[in-house]
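Here the structure is laid out as structure tokens; the discussion comes afterwards.
Quick caveat: nothing in here was measured; it's all calculated off a predicted structure. When a residue number appears, it is its place in the shown sequence, counting from 1.
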Amino acid sequence: MAVLRLGLLRLGFSLPRPRFFASVHRPSSLFSPLDGFAERHIGPDDDETAKMLAQLGYKSMDAFVSETIPPKIRVSSEDISNDTIPAFSESQLLARARALGALNKPFKSYIGMGYHCAVVPPVILRNVTENPQWYTPYTPYQPEVAQGRLESLVNFQTMVMSLTSMDIANASLLDEATAAAEGMVMSFVSSGSRKRKFLVDSGVLPQTLAVLRTRAKGFGIDLVIADASSAINDETLRREICGVLVQYPDTDGHIKDFAALADSTHAAGALVVCATDLLALTMLKPPGEWGADIVLGNSARFGVPSGYGGPHGAFFAVTEKLKRKMPGRLVGRSKDISGKPAYRLALQTREQHIRREKATSNICTSQALLANMAAMYAVYHGPLGLQRIANKVHGFAQVFKGSVESFGYGIVNDSFFDTVTVKVPNAKKLHDISVSEGINLRRIDDFHVGITFDESVTTNDLISLINVFAAASSSSSVSFAQLQEPDVPAIPSRLQRTSTFLPHPVFNKHHSETEMLRYINHLASKDVGLVHSMIPLGSCTMKLNSTSSMIPLTWAEYSCIHPFVPFDQVQGYHTIIRELERDLARITGFSSTSLQPNSGAAGEYAGLCVIRAYHESRGEGDRDICLIPLSAHGTNPASAVMAGLKVVSVKVHEDGNLDLQDLKSKAEKHKDKLAAFMITYPSTFGVFEDGVQDACKIIHENGGQVYLDGANLNAQIGLTNPATCGGDVCHMNLHKTFAIPHGGGGPGVGPICVAEHLAPFLPSHPMMPLGNKAIDAVSAGPFGSSSIHLISWAYIKMLGGQGLSEASRIALLNANYMASRLSGHYNLRYTNTNGRVAHELLIDLAEFDKKAGLKVMDFAKRLQDYGFHPPTCSWPISTCMLIEPTESETLEEIDRFCDAMIQIRKEAEEVITGAQPRENNVLKNAPHTMSVIAVSDAEWNRPYTRHTAVYPLPYLEEKKFWPAVSRIDDAYGDLNLVCDCPSVEELATA
């Protein structure tokens with residue numbers, strides 16, 4: 001073996017060194033499992049760790065950490081240890097997940113209420129859902145290396161526009177309920193924020209209504225719940241309403257004609273918001289044809305599993321006149337510098353331009369992975385395939401209606417698409433029989449049940465369901481031979497769809513699995529993900545999404561569970577949820593957890609709503625001032641406004657530290673009205689500030705509560721925690737710190753943990769109500785995006801307490817090693833008094849603009865030529881890059897990134913010295929595509945070689961990612977969206 005190794009070395013092969021790990025990684029005895037997770041998740045081994053410590057001048061990890069984190073906020077290693085959170089090996093974890101999954105009862109559910117058991121085509125399940133090329137990339141802010149996802153999201157937008165007959169659609173929102181809340185606020189803002197009544201039809205889903213109540217409170221909107229078609233005739237109400245929300249079809253299955261309602265609403269100067277079902281719209285007259293201004297809903301029916309409530313991609317579409325007010329991301333088609341068509345986000349830096357205290361939405365993410373699944377579902381089935389599915393669903397509902405009517409049952413709704421509401425003599429008796437047969441019906445009241453059909457219902461399922469009603473009525477059971485196909489739809493003729501949909505070629509050519517497979521992989525080949533290289537995004541923590549933690553996600557025991565099934569059918573799910581809640585509370589130092597918020601920004605909003613409810617319970621509801629440092633995350637001010645708070649900014653010193661004197665002055669000035677203080681820790685500038693406890697004390701002394709933004713929690717676990725820092729509530733990004741994959745821009749989860757005095761106010765849900773102090777729901781599902789909680793549960797369980805702490809230590813070490821290597825070449829903007837950064841570092845590139853006209857984005861685009869996704873650009877400071885390596889990356893990968901940055905610095909120096917021209921150099925022309933390199937010698941007019949352009953360092957000759965398009969302008973230029981979106985200039989001035 002030694003001879004072979006020597007021979008390979010002489011031939012030029014680079015061989016990896018054997019990896020030896022500290023005790024946290026090595027099996028403790030012969031009988032310990034060999035598949036421990038920590039050694040797979042944490043990149044550097046003992047030798048690499050020692051090398052990095054030596055470069056920084058430390059002999060031990062403890063010495064390094066003591067100079068990185070202020071000693072007064074350090075916590076005992078016993079707080080997070082393997083005694084408190086035991087570590088499972090990968091195989092042990094999967095065995096336990098399987099055992100808990102067996103406790104979930106996979107009944108056939110006909111509950112409906114916006115949730116269905118979707119059928120995921122296997123080609124999409126294997127090649128999108130379970131494919132790290134789709135689930136590990138970041139949000140497509142760097143469009144040159146995200147063309148695949150962007151094209152797929154355009155497919156999603158086009159699909160929604162076509163089915164709804166609306167002018168423009170976004171690239172998804174979080175869920176149907178929060179999308180409805182966005183529609184309500186859009187209506188309010190469109191009225192000039194003067195009309196404060198919002199009419200909600202009585203047929204709207206209960207979870208949507210709960211989320212509307214929460215959101216309405218922060219904006220001072222009054223909800224009116226009534227039969228909308230009748231209520232709109234009230235002249236007093238007409239003068240005061242800003243909008244109307246209807247469900248089409250409604251919760252009970254009715255298909256109502258809302259055209260007259262739309263006319264009356266428009267005459268009153270208000271907007272019509274319609275929540276609908278994409279599959280139903282293949283048969284129903286689309287809302288855009290009867291007067292809706294905003295159309296929204298849940299796209300999960302298009303091939304996304306129910307997963308006990310999520311994640312699911314909402315859709316949101318508007319008329320032309322509302323396009324500038326639409327929340328969320330928008331993908332459009334532009335051109336690169338060579339004139340080639342290319343996709344990009346319509347407002348590339350949307351998160352960075354949230355209008356602080358003037359904001360009306362804090363949307364900063366989407367459900368990109370789920371939207372892509374839904375788009376692929378439409379591509380695979382096409383318009384004819386979708387019609388066949390819809391016809392079968394509708395036909396089964398008709399067969400069921402006819403059968404139960406023959407048993408003597410009454411049907412409440414004569415018109416329907418997939419949902420039938422049945423009047424029964426004894427609902428309890430019926431439910432008892434159905435449950436004994438493994439069937440769930442919707443529990444409406446003592447005399448009514450609801451039945452909703454979906455694509456997964458087979459003929460045998462239908463017969464079993466019908467026979468439940470037969471048994472309850474003492475009728476004879478039916479067989480397949482007795483079923484009769486319906487002749488005409490149970491949809492009023494005036495509401496039947498006559499317009500075509502999905503005529504676009506992409507929806508009409510990929511219907512064989514061969515073609516679909518090639519299309520999926522063609523798009524995936526255009527995108528950089530963690531399968532290619534480090535994604536060193538500061539504040540976004542792009543760490544490994546382990547295969548072992550992802551595997552249970554698509555098991556039927558977890559994926560095919562309706563969120564409103566009886567509690568005794570989901571014992572496995574609830575065990576996992578309770579354990580995750582408990583572990584997150586232990587990690588943060590707090591008392592209780594809510595998993596309901598389904599994004600980081602939603603967690604901010606939920607936490608502030610909890611604080612407001614706490615003040616109200618003490619008779620201090622007039623506390624409405626929220627202090628926020630200028631260094632805060634961009635969504636913080638927006639979330640505060642949505643919670644009904646007034647934002648007061650707090651200064652930050654030149655060294656990046658919070659101005660405690662300014663904080664004290666403003667806290668005392670507003671002490672009678674002070675509600676909250678929002679702080680990010682470690683700060684967004686990448687350091688642990690010494691004065692965090694002092695800042696929190698100031699707030700508490702003046703009657704406020706502290707919201708600690710947990711976006712940077714990856715630097716804290718096992719070393720400090722938000723409670724010790726002085727916080728009362730924090731949110732966590734499970735898609736950052738706890739390894740849920742980013743999915744190319746979603747899903748995310750942002751649960752909140754709270755101190756004991758805030759626990760009674762955590763979000764409730766109409767299907768699982770909590771105590772009377774709880775705030776209303778903040779998302780559609782009782783536990784938010786329940787299915788992907790499994791990923792974070794598995795991540796925590798496999799690392800264990802000791803592994804979690806080690807991960808944070810290595811995250812800090814990797815960042816400081818990177819800061820040390822880059823500091824001689826770039827201006828490291830902020831450090832603590834010991835010269836240390838936290839888990840990320842901020843380098844300032846302002847000097848290159850002054851000396852050579854090179855801007856941040858020039859460095860970012862050039863990094864793409866080196867095979868890396870650029871770090872976070874121009875945030876939190878416009879001239880900076882925020883870089884975070886995470887604990888997952890090995891020293892080799894970190895060095896490779898540093899080598900690339902150092903080489904780019906040398907290239908910049910050539911521009912500074914005049915060796916390369918200011919406007920025609922390797923940075924300004926980056927990234928370099930294969931088509932650019934392939935031009936003839938006569939056409940190559942650049943003052944550097946092709947080799948320099950694409951192979952600036954030797955490793956690239958073996959491992960090269962080619963951007964699909966050349967540079968796309970990030971801020972200017974023509975932008976022709978498929979949906980005729982305004983230009984970026986128009987959006988920027990809107």
Side-chain angles (χ1 to χ4, degrees), residues 109-119 159-160 162-165 176 201-205 208 246-259 274-290 292 295-303 306 315 374 377-378 381 383-405 411-422 441-442 444 448-457 461-462 465 485-499 501-502 562:
S109 291
Y110 299 88
I111 299 171
M113 300 177 71
Y115 295 97
H116 307 86
C117 185
V119 176
M159 171 191 80
V160 171
S162 183
L163 286 168
T164 61
S165 289
E176 180 171 334
D201 187 71
S202 52
V204 166
L205 298 170
T208 296
V246 296
Q247 194 90 34
Y248 177 74
D250 73 9
T251 305
D252 292 333
H254 298 280
I255 301 173
K256 299 177 182 178
D257 188 346
F258 292 117
C274 174
T276 190
D277 176 347
L278 292 178
L279 190 65
L281 294 185
T282 64
M283 299 186 72
L284 301 184
K285 184 177 183 178
E289 294 180 10
W290 54 251
V295 181
L296 56 92
N298 187 343
S299 68
R301 190 160 202 165
F302 278 28
S306 51
F315 62 87
Y377 181 92
H381 287 294
L384 294 179
L386 293 178
Q387 282 182 322
R388 286 196 294 266
I389 294 168
N391 287 334
K392 184 166 186 176
V393 168
H394 181 59
F396 272 28
Q398 289 180 279
V399 171
F400 169 79
K401 173 180 178 291
S403 297
V404 297
E405 282 181 324
I411 303 300
V412 172
N413 54 317
D414 289 330
S415 65
F416 54 86
F417 166 62
D418 64 355
T419 297
V420 178
T421 298
V422 185
L441 311 177
R442 180 184 167 211
I444 300 177
H448 295 88
V449 297
I451 295 89
T452 298
F453 291 86
D454 57 45
E455 181 189 3
S456 72
V457 179
D461 292 330
L462 175 61
L465 175 66
E485 294 191 26
D487 297 325
V488 295
I491 299 171
S493 58
R494 67 185 183 281
L495 292 177
Q496 292 179 20
R497 182 165 196 143
T498 58
S499 56
F501 58 90
L502 302 184
H562 193 286

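- We find the CD-CZ distance between Glu455 and Phe302 to be 9.5 Å, quoted to the nearest 0.5 Å.
- Leu279 CG to Ser299 OG: the interatomic distance, rounded to the nearest 0.5 Å, is 12.0 Å.
- With ring centers used as reference points, His394 lies under 6.0 Å from Phe416.
- Of all the heavy atoms in Pro286 and Ser165, the pair that sits closest is CG-OG, 3.2 Å.
- Using a distance-only test at 3.5 Å, with no hydrogens or angles considered, a donor-acceptor pair links the side chain of Asp250 to the main chain of Gly253.
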Checklist entry - Taking it one step at a time, do Val412 and Val422 satisfy side-chain contact (heavy atoms from CB on, under 4.5 Å)? => result CA-CA 6 Å; Val412 172; Val422 185; over 6 Å; no
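- In this structure a side-chain-to-backbone donor-acceptor pair under 3.5 Å is missing from Asn298 to Glu176.
- Salt bridge Arg442/Asp252: present, at least one basic N to carboxylate O contact under 4.0 Å.
- Remark: Arg301 engages Asp418 in a salt bridge, criterion side-chain N to carboxylate O under 4.0 Å.
- Shortest non-hydrogen contact noted between Cys117 and Asp454 is N-OD2, 3.0 Å.
- Closest approach of Thr419 and Asn413 over heavy atoms only: O-ND2, 2.9 Å.
- Here the rule is side chain to side chain contact (heavy atoms under 4.5 Å, CB included) with Met283, and of Leu495, Asn391, Val393 only Asn391 fits it.
- For Thr282 (side chain) and Gln387 (main-chain N/O), no donor-acceptor pair under 3.5 Å exists by modelled atom type.
- If you take CE on Met113 and NE2 on His562, they are separated by 7.5 Å, rounding to the nearest 0.5 Å.
- In this structure, the side chain of Glu405 does not engage the main chain of Ile411 through any donor-acceptor pair within 3.5 Å.
- Across all non-hydrogen atoms, the minimal contact from Leu502 to Pro383 is O-CG, 3.7 Å.
- In this structure the side chain of Val399 never reaches within 4.5 angstrom of the side chain of Phe453, judged on heavy atoms.
- Although no hydrogens or angles enter the test, the distance criterion places no donor-acceptor pair under 3.5 Å between the side chain of Thr208 and the main chain of Val204.
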Item to check | Test log, rule side-chain contact (heavy atoms from CB on, under 4.5 Å), inputs Phe396 and Lys401 | outcome: CA-CA 9 Å; Phe396 272 28; Lys401 173 180 178 291; over 6 Å; no
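- Judged by distance alone, the side chain of Gln398 and the main-chain N or O of Val488 form a donor-acceptor pair under 3.5 Å.
- Leu205 contributes atom CG, which lies 4.0 Å from atom CD of Gln247 (distance to the nearest 0.5 angstrom).
- Annotation for Phe417 and Ala397: closest pair O-CB, 3.9 Å, computed over non-hydrogen atoms.
- The structure places CG of Asp201 at 10.5 Å from NE2 of His254, a figure rounded to the nearest 0.5 Å.
- Using cut-offs of 30° and 60° for the angle between ring planes, the Phe258 and Trp290 rings count as tilted.
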